[in-house]
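Worksheet: the structure to be examined is printed underneath.
All chains are named by letter (A, B, ...) in the order of the sequence lines, taking the proteins before the strands, and each is independently numbered beginning at 1. The basis for the numbers below is simple: all heavy atoms, side chains too, and nothing from hydrogens, waters or symmetry mates.
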Number of protein chains: 2
Amino acid sequence: MAKGHVRLADVAKAAGVSQGTASNVFSRPEVVREEVRERVLNVARELGYGGPDIKGRLLRAGRVNAIGVAAVEPLTYFFDDPWARSLMTAIGEVCDASGTGIAVVSAMNEERLAWNINSALVDGFILLCVEGGERLVQLTRQRQLPFIALALGIEDETIPAIGIDNISGGAAAARHLLELGHRNIAILSIGDVDGLVGVVAPERVDPEMEATPRDRMHGYWQALADYGIPREAVPIQGTLHDRSSTLMAMEALFSSANPPTAILAMSDKVALFAMQWLAERGLKVPEDVSIIGFDGVPEAAISLPRLTTVAQPFAEIARRSVTAILENAVPENREALDLELVVRDSTAAPRLR
Amino acid sequence: MAKGHVRLADVAKAAGVSQGTASNVFSRPEVVREEVRERVLNVARELGYGGPDIKGRLLRAGRVNAIGVAAVEPLTYFFDDPWARSLMTAIGEVCDASGTGIAVVSAMNEERLAWNINSALVDGFILLCVEGGERLVQLTRQRQLPFIALALGIEDETIPAIGIDNISGGAAAARHLLELGHRNIAILSIGDVDGLVGVVAPERVDPEMEATPRDRMHGYWQALADYGIPREAVPIQGTLHDRSSTLMAMEALFSSANPPTAILAMSDKVALFAMQWLAERGLKVPEDVSIIGFDGVPEAAISLPRLTTVAQPFAEIARRSVTAILENAVPENREALDLELVVRDSTAAPRLR
DNA sequence: GAAGAGTATTGAATCGGTTCAAAAAAATCC
DNA sequence: GGATTTTTTTGAACCGATTCAATACTCTTC
């Protein structure tokens, strides 16, 4: 019948024991005599005390048992974007196993970002740095919590990060198509740069493109060069990594006089959209057009046809990041993990002409 | 160069001001004289103080500015399941607008669940009660924070909940098919009950099925009855709401002598799997088979063909739940929101015979 | 130059617990 | 029965901030 809130101190007083004992009743029951324990518990029940408030404990302990995953994207990004979701799923698995909570923190605008990063109750951050990473890193560093960046394009070697080897991944993708016999290949690039939508000239890649797509591009080029195909011979269509710009890119690619027989897509997301466009156009995959994605998101495994792709080791990335945060042992040197070519049903030899 | 951690008190002492003033420098800078402010700020920088620790503030303020979303599912559920994701996306949008954080809390096993619920730093919970909801509700109630249950099947009227009108939603779906002229309809049900996979006799629905699918079923039956079709005439195939059991169900449905011309699927997820099966079998949607889903997840809008469905008002559900938690004003009476029939390309009149 | 009006700053209480050295009580031993 | 050991309990410090009444400064103004 207590007005307002019942605190541990209230219970202790009502039960006639010290606050220390009352605390023990809840957090280390084995240490207090059974008779006393019962009495305290009864009083607690009568008073409507719901057990120790986590806030007190955490303040004392200094850790919250949760990690934050942050991105410079709206909150919906975590539940929408296939790449982010794959990562979150993997992170979720690791956290589940260790009883760690996950807080998602996002921010569209600058001030929100700062506020969200600063007010998140977490023991450390995993940063999804697809874009605008610098600011995110800066803010996080200021908070003085362990953090680790994923998919970072920033050169700064002092930022702890786990990356993937986009160049050799790209090369593996291109090599796969080339080995199948394709010589007329087009590239679907991704990015957040408004200027890089539609036809993209190769010489604009290095100065203008973000690090991830740039590296993948160089991987493609590398393999193509091995087969004697110069980069100028391979059309690049830039997309904003969304549905509409992908559909436009496909439209452009296939309205040319000599449409490609195979497509190198820089993400599964874009590849999947492209497959939809092809299906609507009545073009069969892989008979008419082969397509290979990038990332290895789960959707790629259940699409029709199942998408060939270059898979990221999500589980490994998640395991390493979470462990690093939890043990406050972020790696000194950067690590670049290998990708794996996963051949499924969306690629085949080109039709004989 | 300070060993260990720098606290506000350290900064205050080093700058020769009271802790109160030091606090003001950071949280209400306008109230302290510029000269002093600068001095404190400088000292803070020298000492490597990264601004007030959120834990202290929160302890004082008593609120965390975050809400928890909990489910009796592995953490990956939130990023995998289309329904959960739709909801999370909507919740994310509302939270973004108000600067509220989101913590996802999950639990496969009993003890983890208790621990996770009790140690989540949140101001309240949104419960995704698809199954095993009782225990989740009980635990949450114990924590004495505001909470609201979604998709609750439990009858207990004292549990604050926001629901949807599954019966009239189901009726709308069935009516749509009936109006198009279908008379040979099959039902794809969903659930977590192992026994309810494969053929399900109508009389088992009420005693064995969970509330959500049961209500949807009654909605279907209601509309069917209006057209003079008895429930016994409509085959029910139970699925476990996953890919493999759905494919098996489709296999069973279409290996019968008289396969259906239309399918009532109890979720978009199942409907989408079913469409894949049909596509692989060379059956055209909607020409050969019409199919209507349930939920209105985003994937349904971009599938090929786009899926007709009965859409939940996710945005409205999210808005109400988050507001209720944040304002600690959970509704007394239960609310049931209306669903909306969204007609797209997966339903059409049956082929003339 | 004193009274009055603002503005800045201080100090102590507070949030809700945990922890640990020391004291008290109970059990064991000789 | 007293000394010793073991088990329980106590009380106060502590975690890292915010808050607010009270006090101490600065200006005005007459």
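In terms of heavy-atom proximity, B/A70 sits nearest to B/F78 at C-CZ, 4.1 Å. Closest heavy-atom contact between B/A14 and B/L47: CB-CD2, 4.0 Å.
Annotation: side-chain hydrogen bond (donor to acceptor under 3.5 Å, both in side chains) contacts involving residues 314-324 of chain A, sequence neighbours excluded, comprise A/E316-A/R319, A/E316-A/R320, A/R320-A/E335.
Taking atom CD of A/E35 as the reference point, atom P of C/dA25 lies 14 Å away to the nearest angstrom. When rounded to the nearest whole Å, the span between CZ of B/R143 and P of C/dG17 equals 11 Å. Residue B/R37 contributes atom CZ, which lies 14 Å from atom C1' of C/dT7 at whole-angstrom precision. In this entry the distance linking NZ of A/K13 with C1' of D/dT10 reads 16 Å, nearest Å. The interatomic distance linking A/L58 (CG) with C/dT19 (C1') rounds to 16 Å, in whole Å. In this entry the distance linking CD of A/E34 with P of D/dT7 reads 17 Å, nearest Å.
With B/Y49 as the fixed residue, the side-chain contact (heavy atoms from CB on, under 4.5 Å) test singles out one of B/L41, B/V43, B/L8: B/L8.
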Would you mind building the protein contact string for nucleotides 11-20 of chain D? One character per nucleotide, 5' to 3', B for base within reach (heavy atoms under 4.0 Å), S for sugar-phosphate only, - for untouched. B--BBBBBB-
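Residues B/I159 and B/R141 have side chains in contact (heavy-atom distance under 4.5 Å, counting atoms from C-beta outward).
In this structure a side-chain-to-backbone donor-acceptor pair under 3.5 Å is missing from B/D123 to B/I67. For A/S119 (side chain) and A/W115 (main-chain N/O), a donor-acceptor pair under 3.5 Å exists by modelled atom type.
Using a cut-off of 4.0 Å between Lys/Arg side-chain N and Asp/Glu carboxylate O, B/K13 and B/D10 are scored as not salt-bridged.
From one end of the helix from C/dG1-D/dC30 to C/dC30-D/dG1 to the other, with five pairs defining each end axis, the axis direction shifts by 50° (rounded to 10°).
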